[in-house]
Amino acid sequence: MAVLVIAEHDNNTLKAATLNVVTAASKLGEVHVLVAGHNAAAVAQQASQVAGVAKVIHADGASLAHGLAEALAPQVVALAGAYGHILFPATAGGKNTAPRVAALLDVAQISDITAVVSADTFERPIYAGNAIATVQSADAVKVITVRGTAFDAAATTGGSAAVESVAAVAESASSRYVGSEIAKNDRPELTAAKIIVSGGRALGSSDKFNEVLTPLADKLGAALGASRAAVDAGYAPNDWQVGQTGKIVAPQLYIAAGISGAIQHLAGMKDSKVIVAINKDPEAPIFSVADYGLEADLFAAVPELVKSL
Amino acid sequence: MKALVPVKRVVDYNVKVRVKSDGTGMDIANVKMSMNPFDEIAIEEAVRLKEKGVVTEVIAVSCGVTQCQETLRTAMAIGADRAIHVETDAELQPLAVAKLLKALVDKEQPGLIILGKQAIDDDCNQTGQMLAALTNLPQATFASKVEVADGRAQVTREIDGGLETLSLSLPAVITTDLRLNEPRYVTLPNIMKAKKKPLDKVSPADLGVDVTPRLKTLKVAEPAGRKAGIKVADVAALVDKLKNEAKVI
Ligand SMILES: Cc1cc2nc3c(=O)[nH]c(=O)nc-3n(C[C@H](O)[C@H](O)[C@H](O)COP(=O)(O)OP(=O)(O)OC[C@H]3O[C@@H](n4cnc5c(N)ncnc54)[C@H](O)[C@@H]3O)c2cc1C
Ligand SMILES: Nc1ncnc2c1ncn2[C@@H]1O[C@H](COP(=O)(O)O)[C@@H](O)[C@H]1O
């Protein structure tokens, strides 16, 4: 049976997270992509060009404009009969809808898979990544969210899938989109960035966070990240939080400045290729995962680093 | 309007748990157990809504072994009015918990059901969304702000890229994110008071729910470790390593 991938997008662009899911899906069967949105034909086009995609299903309607789970879940369920696996990215959007789909189908949902062992067996981290569980599903349909950092991104070109249109489900009366505040910046997306500069409580204020870390991120073309403590204190926006309950990242280079390295933070970044820790406490647990540890006051070390790059 | 708040008993977030040597699960014998931190936030939110006069009664629910009653007493010490313990020794997966909770929602008819977004042991992030599906109710996950007025809940959610606001008709299912509130400390007098609050017990069979797991755990293993790194003397040494050894800049 084919595999259905639920595309993540903003009605204009296909989000990179979808590409990693396509790679995971291609290990399971022929890959179909559902683009459910409003005036999202451009996204369906982009999806049809992704290498390895055999078919794009495009559902378009006002009910699907904002990806609300109350509309998206029945849309997926309507198609589910033809599929053995339904895969979502483990993004805020995917995590919001996948369990709703699974419950409507009366099947388990498998969260955040990091490996496909076989058609019914998958690996997933538990306990903040302190263990990897291998789980086997007995359900007819496997509803899964995929951890992007565990699978390479499929190429955005090379495919030439047919786009098939299907009717959009009706609007849900119970839930209404009011608005959103999406920060616009030119930085790479945190989960797709090659380099991440991340700051912790030690930065002390939002102003300091920007003043000290932005020049380094600019120099390196990096995304900015933060610990929970920095986000809670308002030094950095919520969607910069890296960790067990924030974003999972695995860049080529992760620079942690003034972050102690709590297990919940490590859960989100310990699969990075190279980790640099700048911390003035020689005992800070972050040093246990760092390839290069610099025991220093970050307020001196980071500007010096900027100068020497 | 009643608020129903499911609370899970989990290994305390400060404990570093280890994989059992036979690879069948985690070694959680004799480790400190606590209420899932997101559920503390959920109870706190429900109690604040009661203090504002929006909610009239806060009911805490926990599904699992006998010791879940300790978690329920904590919930009542924060301010829940009563508790329901769905007692079972069986392994409970999110779909089963959602079915148990649906049976209780049918019985109690709450206007709000507030769950944690994620249990920090299984890291599933599923139960609230599943409950919303089974009860056919609207959902607002990852909430960082909740306002209830005119029969609707306006909820600000933490999403990728920023924040989103939804308006839900009631009853509705909400799951909490870290920034929703800071739970109060429980005081000794409130712990004493909580001991006298009603705690009902039911079984999955009483609720007519089959909790048989759908996923089988074949094995649990330690994650691949990182090889030990080095300390560098100064910024110049760091730059040299990044350029010439790691070749990442
Ligand atoms: C349910 C739950 C979920 C959580 N989820 C997450 C999550 O997803 N992500 C996350 O990050 N955390 C998470 N946490 C929080 C986590 O437990 C830690 O509290 C948090 O990561 C600490 O952030 P921090 O390292 O910035 O702060 P701290 O632990 O306070 O560390 C600050 C560090 O800065 C160093 N420092 C101070 N001044 C300087 C200086 N001038 N120069 C250099 N170094 C300096 C100190 O030595 C210290 O090591 C979660 C917690 C719970 C309970
Ligand atoms: N056994 C349980 N008893 C009560 N509530 C639970 C239980 N399991 C999960 N929950 C609720 O569901 C939320 C999400 O859990 P999960 O889907 O397992 O990550 C938790 O934060 C709790 O609010």
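Just so it is clear: chains get the letters A, B, ... in the order the sequence lines come, proteins before strands, and each one is counted from 1.
In terms of non-hydrogen atom pairs under 4.5 Å with chain B, the most contact-rich of A:Lys307, A:Gln264, A:His66 is A:Gln264. Contact tally against chain B (heavy-atom pairs below 4.5 Å) for A:Ile263, A:Thr97, A:Thr91, A:Ile278: the top residue is A:Thr91. Of the listed residues (A:Ile275, A:Thr145, A:Leu220, A:Leu68), the greatest number of heavy-atom pairs within a distance under 4.5 Å of chain B belongs to A:Ile275.
Interface remark: A:Asn130 contributes backbone and side-chain atoms alike to the contact with chain B (heavy atom separation under 4.5 Å). Using a 4.5 Å cut-off between heavy atoms, A:Ile195 contacts chain B through its side chain alone, with no backbone atom that close. Interface remark: B:Ile230 contributes backbone and side-chain atoms alike to the contact with chain A (heavy atom separation under 4.5 Å). Contact of A:Leu190 with chain B is not made at all, since no heavy-atom distance falls under 4.5 Å. Proximity to chain B involves both the backbone and the side chain of A:Ile132, based on heavy atoms less than 4.5 angstrom apart. For A:Glu189, no part lies near chain B; criterion is any non-hydrogen pair under 4.5 Å. Heavy atoms of A:Ser172 lying under 4.5 Å from chain B are absent altogether. In this structure, chain A has no heavy atom under 4.5 Å from any part of B:Ala224. B:Leu137 touches chain A through its backbone: at least one of N, CA, C or O sits under 4.5 Å from a heavy atom, while the side chain does not. Looking at A:Thr121, only its side chain comes within 4.5 Å of chain B, counting heavy atoms on both sides. For A:Ala73, no part sits under 4.5 Å from any heavy atom of chain B, backbone or side chain. When heavy atoms are compared at a cutoff of 4.5 Å, A:Arg228 approaches chain B by way of both its backbone and its side chain. For A:Lys273, the parts sitting under 4.5 Å from any heavy atom of chain B are the backbone and the side chain alike. In this structure, chain B has no heavy atom under 4.5 Å from any part of A:Ala296. Of the two parts of B:Tyr13, the backbone and the side chain both hold a non-hydrogen atom closer than 4.5 Å to a non-hydrogen atom of chain A. Of the atoms belonging to B:Val11, it is side-chain heavy atoms, and not backbone ones, that fall under 4.5 Å from chain A. Of the atoms belonging to A:Glu70, it is side-chain heavy atoms, and not backbone ones, that fall under 4.5 Å from chain B. With a 4.5 Å cut-off on non-hydrogen atoms, B:Ala98 does not touch chain A at all. For B:Gln154, the part lying near chain A is the side chain, with the backbone staying farther off; criterion is any non-hydrogen pair under 4.5 Å. Of the atoms belonging to B:Val17, heavy atoms from both backbone and side chain fall under 4.5 Å from chain A. For B:Arg18, no part sits under 4.5 Å from any heavy atom of chain A, backbone or side chain. Only the backbone of A:Ala173 comes within contact range of chain B, with at least one heavy atom under 4.5 Å from a heavy atom of that chain. Contacts between A:Pro282 and chain B at a heavy-atom distance below 4.5 Å involve backbone atoms as well as side-chain atoms.
When every heavy atom of A:Tyr177 is checked against every heavy atom of B:Leu166, the shortest pair comes out as CA-CD2, 3.9 Å. Between B:Leu242 and A:Val276, the shortest heavy-atom contact is CD2-CG2, 3.7 Å. Closest approach of B:Ala133 to A:Ala103, counting heavy atoms only: CB-CB, 3.7 Å. In terms of heavy atoms, B:Gly162 sits closest to A:Asn238 at O-ND2, 3.4 Å. Of all heavy-atom pairs spanning B:Gln126 and A:Ile110, the tightest one is NE2-N, 4.1 Å. The shortest non-hydrogen separation linking A:Glu295 to B:Lys231 is OE1-NZ, 3.3 Å.
When only modelled atom types and interatomic distance are considered, A:Asn96 and B:Thr141 share a side-chain donor-acceptor pair under 3.5 Å.
In this structure, B:Lys117 contributes its side chain and A:Thr245 its backbone to a donor-acceptor pair below 3.5 Å. Of the possible polar contacts, none joining the B:Gln93 side chain to the A:Ala108 backbone as a donor-acceptor pair under 3.5 Å is found. A donor-acceptor pair under 3.5 Å is formed between the side chain of A:Arg124 and the backbone N or O of B:Asp123.
Counting heavy atoms from C-beta on, the side chains of A:Lys15 and B:Asp160 never come closer than 4.5 Å. Looking at B:Val239 and A:Leu305, their side chains come closer than 4.5 Å, going by heavy atoms from C-beta outward. Contact annotation: the side chain of A:Glu123 never approaches that of B:Pro223 to less than 4.5 Å [non-hydrogen atoms, C-beta and beyond].
Interface residues of residues 178-185 of chain A toward chain B, defined by a heavy-atom distance below 4.5 Å and sorted by number: A:Val178, A:Gly179, A:Ser180, A:Glu181, A:Ile182, A:Ala183.
We find that A:Asp106 and B:Arg214 are joined by a salt bridge, their nearest charged nitrogen and carboxylate oxygen being less than 4.0 Å apart.
The neighbour count for B:Lys16 NZ, taken as heavy atoms of other residues, nucleotides or ligands under 6.0 Å away, is above 12.
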